[in-house]
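Data first, discussion second: the structure below is written as structure tokens.
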Protein chains: 2
Amino acid sequence: MARKIQPAERCDCDVIHEDTVNQVREKMPQEENLYDLAELFKVFGDSTRIKILWALDEAEMCVCDIAFLLNMTQSAISHQLRVLKQAELVKSRREGKIVFYSLEDEHVKQIFDQGLIHILEERK
Amino acid sequence: MARKIQPAERCDCDVIHEDTVNQVREKMPQEENLYDLAELFKVFGDSTRIKILWALDEAEMCVCDIAFLLNMTQSAISHQLRVLKQAELVKSRREGKIVFYSLEDEHVKQIFDQGLIHILEERK
DNA sequence: TGTATACTTGAACAGTTATTCATATGTTTT
DNA sequence: AAAACATATGAATAACTGTTCAAGTATACA
């Protein structure tokens, strides 16, 4: 199963376990899905956004409530809510001057819980 | 339940739903856990690392295998493996010149699967 | 109509990050 | 010992990101 490596290939080494690579390659999900998955986790990869999502899992809240809760400016929160909305993680509804935000997707909490399991395991 | 807002508070608005805020505040996890959770998701928030983890879920692989599979330089992969190792997501074992990497934590896949559910739901 | 309020938005800035390049380390083989 | 090879690492760079600041909307109410 040995094979000449083409110059175009970038891994800078001669000996690879081609069987393994081919076997893994077959099982890899579509590039697009992996990319989108990374984009989703990127949204989760900020403690402000994590806090907002966690808060909204408890109750629907207006921008000002969230800003007060997290002790941050209303502008900063608003910017982050836009990111969360673009990721279809939160939705909003206006009631007069006030805009209430809530979770769009109920299994966000499940993803967080899985993450926490990892974190708490790490601390053992 | 109305209350005067202190100048130190940053949310730039007068009317907050204090009951809601207090109720949510009680249920929020420790700051430290939320921060660590964000750090974990930050590691997942890069498609190269997602691909590496997904690949290692299928099989133990050496650096060169991964570089070849993903068509990236061995150096780039090595840098990312260091990040994954620091996050205690992968472990390595040396066999002569070759260093094999594998998953450290078996429920990474479960977190990914939850994420995929969200992504596929979004596309409906 | 004008003012106050809740929120949004664009630009700017500082801080972070992924990859590249060059070089170093550790192991095997000759 | 030296050469070859797999991997690691430090520095540099370009791209990205979160917050702030200074406006801008949209709604309610006097």
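All chains are named by letter (A, B, ...) in the order of the sequence lines, taking the proteins before the strands, and each is independently numbered beginning at 1.
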Interatomic distance where CZ belongs to B/Phe100 and C1' belongs to D/dT7 [whole Å]: 13 Å

Quick note, B/Ser78 side chain, CB onward, closest among D/dG18, C/dA18, D/dT7 is D/dT7

Between P on C/dT17 and CG on B/Leu84, what's the gap in Å once rounded to a whole number? 14 Å

Whole-Å distance, A/Ile77 CD1 to D/dT17 C1', equals 16 Å

Please evaluate the base of D/dC21 for a donor-acceptor partner in the side chain of A/Thr73 within a cut-off of under 3.5 Å? no

Report the residue (A/Val83 or A/Glu95) whose heavy-atom-nearest nucleotide on DNA chain D is the more 5′ of the two. A/Val83

Please report, rounded to the nearest Å, how far the C1' atom of D/dT7 is from the CD1 atom of A/Ile16. 16 Å

Closest approach of A/Leu37 to B/Trp54 (non-hydrogen atoms, all atoms of both residues): CD2-CZ3, 3.8 Å

Is the shortest side-chain N/O distance from B/Tyr101 to OP1 or OP2 of D/dA8 below 4.0 Å? yes

Indicate, yes or no, whether a donor-acceptor pair under 3.5 Å links the base of C/dA18 to the side chain of B/Gln80. no

Determine whether any donor atom in the side chain of B/Ser75 lies under 3.5 Å from an acceptor atom in the base of C/dT19, or the reverse, and answer yes or no. no

Looking at B/Arg49, does any N or O in its side chain come under 4.0 Å of the phosphate oxygens OP1/OP2 on C/dA18? yes

Assign B/Lys42 to base, sugar-phosphate, or nothing according to its heavy-atom contacts below 4.0 angstrom with the strands shown. sugar-phosphate

Closest non-hydrogen atom pair between B/Ala59 and A/Thr20, with its separation: CB-CG2, 3.8 Å

What is the distance, to the nearest angstrom, from the NZ atom on B/Lys97 to the C1' atom on C/dT30? 12 Å

One thing to verify: whether A/Glu31 and B/Lys51 come together as a salt bridge, which I'm taking to mean a side-chain N less than 4.0 angstrom from a carboxylate O. yes

What is the ring orientation for B/Phe44 with A/Phe41, classed by angle as parallel under 30°, tilted 30 to 60°, or perpendicular over 60°? tilted

Could you check B/His17 against B/Asp19 for side-chain hydrogen bond (donor to acceptor under 3.5 Å, both in side chains), going step by step and ending with a plain yes or no? CA-CA 6 Å; B/His17 308 88; B/Asp19 290 352; over 6 Å; no

Tell me whether B/His79 is stacked on the nucleobase of C/dT19, counting only the six-membered base ring and applying the 5.5 Å and 30° thresholds. no

Starting at CZ of A/Arg93 and ending at P of D/dT27, how long is that distance when rounded to a whole Å? 15 Å

Could you state the atom-to-atom distance from CZ of B/Arg82 to C1' of D/dT9 in whole Å? 7 Å

